[in-house]
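Chain letters run A, B, ... following the sequence lines, proteins first and then strands; every chain starts at 1.
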2 protein chains.
Amino acid sequence: MPSEYGQFCPVAKAMELLDERWTLLVVRELMLGSRHFNALRRGVPRMSPALLSKRLQTLARAGVVERWQEGNRVSYRLTDAGLELAPIVEAVGRWGVRWVPELGDRDLDPHLLLWDMHRNVDAEAVPDGRTAIGFEFPELPAQRCWWIVITGDGVDVCDVDPGFPVRVTVRSDLRTLTRVWRGDVDWATALRSGSLELLGEPQACRALPRWLALTDVARTPRPSRRPVVAV
Amino acid sequence: MPSEYGQFCPVAKAMELLDERWTLLVVRELMLGSRHFNALRRGVPRMSPALLSKRLQTLARAGVVERWQEGNRVSYRLTDAGLELAPIVEAVGRWGVRWVPELGDRDLDPHLLLWDMHRNVDAEAVPDGRTAIGFEFPELPAQRCWWIVITGDGVDVCDVDPGFPVRVTVRSDLRTLTRVWRGDVDWATALRSGSLELLGEPQACRALPRWLALTDVARTPRPSRRPVVAV
DNA sequence: CAGTATCCAGTTGGATACTG
DNA sequence: CAGTATCCAACTGGATACTG
């Protein structure tokens, strides 16, 4: 039950739904392919399950999301109306990357970063067979090591050593790798600065940026002038 | 001080600012040309002045709005970052007009309707000299009559008889004229249904739809299937 | 004109625990 | 797996009045 503006304006009517906190992030997760409750949670880990449930209900009532039950397995998917939110989400992403470039310490989250990267692995660019990429965040107090494992069957994130030989390891502080992934700095600049290292087969090190292909939003050109002050 | 999502995702960082209630409507008003505090209020009449002030401050801190003071006259205008919100506002408007077509009784407001129409008068299409258009909403308990007066100098809304001869009068229920203005129904359909009448010089009656040119959002094609259930 | 000040009722959502 | 239930602290914003 989103609150109302009392305006006939289409922007106002749309925002009655869309400006509720978390709503557009849930839509983003659905667009990125999450289908189940606990998969959605992985994309919005700071959201309580009660609130996620409530938002899904609101979105379903608004006709943006469809709830699908087969047996005791529940899925959510975007309706036509929901799919048409893509231009909004993309426009918001492009604006955000251009005009809100500052990240707070709270915005950095290795799990979320790996989760997001693993969804965008370019499987075509990766050698056939099995490829494991290691990630090390030496400054973290715990859970310093992560892996992304790519096989013909798909791409997985691990927070325990999968035991496979690692083709290349990325050693970086969390902020730098996050900024590289957002497209705020490029791989070459991060490498030169020394805050990011690539270790492993030289060929794999050179190929890595193609395996972890940046999204369209990350590739958005930045404003030439200095950015806006942080919110 | 918008609340934080704790995500590096550009969509999340942008929405920390943009999903605060009223924010995007204030931006819309600035895009439509309002520059002063009380002009902005006219576009968001249900917003308290305290809240409008707070939102303008937040937008200014975020670098989206610039506050300009000359003497004791204060203006607000969009910065480059603010101007680049246009694609978002437009995408939201197009989505809203397609997927949130139901209007509640609370969404209807003659003052807001006339205010919005007067901003979109196509001065080129209107005859030279002075043109007055009357509006009558017979079902309203009070303030049934309104006028839009177009001169070489500009376009004004009046809620008292300006005393000029009226070229054409629109007599309608408020909902129908609102729907026509939103592009939910066209003039011809509304006229045929009888819920809207045009009175006055026949030539002016035929020309009226060109004087009150629909916005791009209103001209957005609608989904062919039946619309979504109301929020 | 361009806001600020104050107050408070209502809502929101975070934390935590629990269930079929 | 897919949520509900409960509690409560914090925040939000509406109403109203006032100011330089």
Original post:
For DNA chain D, what residues of residues 104-116 of chain B have any heavy atom nearer than 4.0 Å?
Top reply: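 Of all residues in residues 104-116 of chain B, none places a heavy atom under 4.0 Å from DNA chain D.
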Which nucleotide sits closest to the side chain of [X]: [options]?
X       : options              : answer
B:Ala50 : C:dA5, C:dG3, C:dG13 : C:dA5
B:Tyr76 : C:dA17, C:dG3, D:dA2 : C:dG3
A:Pro49 : D:dG3, C:dG13, C:dC1 : D:dG3
B:Val74 : C:dA2, C:dA5, D:dA2  : C:dA2
A:His36 : C:dT4, D:dA2, D:dG3  : D:dA2

Original post:
Is the phosphate of D:dT4, meaning OP1 or OP2, less than 4.0 Å from a side-chain N or O of A:Ser53?
Top reply: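 So the side chain of A:Ser53 is within the cut-off, an N or O lying under 4.0 Å from OP1 or OP2 of D:dT4.
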Original post:
Between A:Gln57 and D:dA2, does any side-chain N or O lie under 4.0 Å from OP1 or OP2?
Top reply: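 Result: no.
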Separation of [X] atom [atom1] from [N] atom [atom2], in whole Å?
X       : N      : atom1 : atom2 : result
A:Arg21 : D:dC11 : CZ    : C1'   : 11 Å
A:Lys54 : D:dG3  : NZ    : C1'   : 15 Å
B:Arg46 : D:dA15 : CZ    : C1'   : 14 Å
B:Leu52 : C:dC1  : CG    : C1'   : 13 Å
B:Glu4  : C:dG13 : CD    : C1'   : 16 Å
B:Trp22 : D:dG13 : CH2   : C1'   : 11 Å
B:Asn72 : D:dG20 : CG    : P     : 15 Å
B:Asp19 : D:dT12 : CG    : C1'   : 14 Å

May I ask you to say what [X] touches in the nucleic acid, namely base, sugar-phosphate or nothing, with a heavy-atom cut-off under 4.0 Å?
X       : answer
A:Arg67 : sugar-phosphate
B:Gln69 : nothing
A:Arg55 : sugar-phosphate

**OP:** Check B:Gly93 against A:Val11 and note the closest heavy-atom contact, atom names and distance.
**Re:**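 The answer is CA-CG2, 3.8 Å.
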Original post:
5'-most contact on DNA chain C: A:Leu51 or B:Leu56, nearest heavy atom basis?
Top reply: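 Result: B:Leu56.
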Subject >> Separation of B:Leu25 CG from B:Met47 CE (nearest 0.5 Å) >> reply: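 B:Met47 atom CE to B:Leu25 atom CG measures 8.0 Å (nearest 0.5 Å).
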Original post:
Between atom CG of B:Asp105 and atom CG of B:Leu174, what is the distance when rounded to the nearest 0.5 Å?
Top reply: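 Reported to 0.5 Å precision, the distance equals 9.5 Å.
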Original post:
Is the shortest heavy-atom distance from the side chain of A:Glu29 to the side chain of A:Arg41 under 4.5 Å?
Top reply: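 No. Closest side-chain heavy atoms not under 4.5 Å.
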**OP:** Indicate yes or no: at least one non-hydrogen side-chain atom of A:Leu40 is less than 4.5 angstrom from one of A:Leu56.
**Re:**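 A:Leu40 vs A:Leu56: side chains touch.
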**OP:** Could you walk me through whether B:Trp95 and A:Val64 pass the side-chain contact (heavy atoms from CB on, under 4.5 Å) test, one step at a time?
**Re:** CA-CA 11 Å; B:Trp95 189 85; A:Val64 167; 3.7 Å; yes
**OP:** Answer yes if the side chains of A:Arg21 and B:Ser3 hold a donor-acceptor pair under 3.5 Å, and no otherwise.
**Re:**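 On atom types as modelled, these side chains qualify, holding a pair under 3.5 Å.
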Subject >> Paired and unpaired positions of DNA chain D as dot-bracket, Watson-Crick or G-U wobble under 3.5 Å, | denoting a partner strand >> reply: ||||||||||||||||||||
Original post:
Relative to the ring of A:Phe135, is the ring of A:Phe137 parallel (under 30°), tilted (30 to 60°) or perpendicular (over 60°)?
Top reply: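 Parallel.
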Original post:
Can you list the steps and then say if A:Arg55 with A:Gln57 is a side chain to side chain donor-acceptor pair (under 3.5 Å)?
Top reply: CA-CA 5 Å; A:Arg55 286 291 182 273; A:Gln57 284 173 38; over 6 Å; no
**OP:** Verify the ring-centre separation between B:Trp22 and A:Tyr5: is it less than 6.0 angstrom?
**Re:**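 Yes - the distance between ring centres of A:Tyr5 and B:Trp22 falls below the 6.0 Å cut-off.
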